[in-house]
Amino acid sequence: MLKINKKLPLYISISLTLICFVGLIFLIFYMPVFADYLIGLPDNTGQREHLTETGRLLIHGAAYAILFLALLGDALLTVLLLKVRKNQVFTGNAVGLVHGISLCIIGMGVIFVLLCRFFTLSFFVGFAVIFLGLCVRVVKNVIEDAVSIKEENDFTV
Amino acid sequence: MIIVNLDVMMAKRKISLNQLAEKVGITLANLSILKNNKAKAIRFSTLEAICKALNCRVEDVLEYREDEES
């Protein structure tokens with residue numbers, strides 16, 4: 001029978017996170033083109049919205065803010081996965097990392113919601129992203145509790 | 001808070017940490033945690049073994065002190 005390495009899923013996660021990081025770096029250079037494409041899309045009435053230069057700059061700024069938060073979150077995720085590899089999951093440090101990731105996700109969600117002035121769909125995307133951030137926050141609370149239980153267990157003589 | 005007076009009792013009985021760890025049957029690391037008041041809990045079996053090894057009572061090893069904050 002084929003024997004699968006116990007740590008294989010972890011290595012797959014690390015690889016995917018790194019690929020995602022490279023993708024996000026790549027996106028830094030193409031974000032203006034991507035944002036302009038989104039601005040150029042017709043709305044639900046089939047018409048293109050006419051944006052002022054300030055509006056266009058605002059969308060570009062928001063896109064870069066989302067990208068920055070995604071890069072930060074991805075970096076934190078990589079550090080967390082490396083900690084998992086070293087069997088250091090249930091530590092205060094790991095809790096801090098998960099907390100940071102949840103804040104990044106919620107931050108991205110808030111920016112998406114604020115963008116609903118320009119794109120109606122971004123409100124729903126933002127809501128979904130905020131919900132995801134809340135889920136990660138709950139996971140952080142669970143790990144925090146597990147850390148305290150483990151500490152008590154480790155210091156029982 | 002609970003204070004572990006293991007170092008006092010060890011000094012009275014003139015016994016080293018290594019010797020006590022061997023007599024009690026716990027690791028040196030765990031005994032160090034207990035001696036330095038880092039322990040969060042202690043098993044009855046460990047307490048019993050310590051009292052037996054040091055020939056003392058529980059209150060000689062453990063002491064309750066009111067927190068300074070309260």
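Every chain is numbered from 1, with letters handed out A, B, ... down the list of sequences.
- By the neighbour-count criterion of 12 heavy atoms within 6.0 Å, atom OH of Y64(A) is densely surrounded, having more than that number from other residues, nucleotides or ligands.
- Following chains of ILVMFWY side-chain contacts shorter than 4.5 Å, one cannot reach I3(B) starting from V61(B), and the two form parts of different hydrophobic clusters.
- Note: the hydrophobic cluster containing L69(A) does not contain L134(A) (ILVMFWY, side chain heavy atoms under 4.5 Å, direct or indirect links).
- Placement of M31(A) and I28(A) within a single hydrophobic cluster is found when ILVMFWY residues are connected by side-chain heavy-atom separations under 4.5 Å, directly or transitively.
- Residues of residues 13-30 of chain B placed with any heavy atom under 4.5 Å of a heavy atom in chain A are listed by number as I26(B), N30(B).
- Within a 6.0 Å sphere centred on NZ of K150(A), heavy atoms belonging to other residues, nucleotides or ligands number 12 at most.
- The environment of E48(B) atom CD is sparse: at most 12 non-hydrogen atoms of other residues, nucleotides or ligands sit within 6.0 angstrom.
- Here the closest heavy-atom approach between residue V157(A) and residue T46(B) is recorded as O-OG1, 3.2 Å.
- Note on L24(A): it clusters hydrophobically with I111(A), by side-chain heavy-atom contacts below 4.5 Å among ILVMFWY residues.
- With rounding to the nearest 0.5 Å, the separation of NZ in K40(B) from CG in N153(A) is 12.0 Å.
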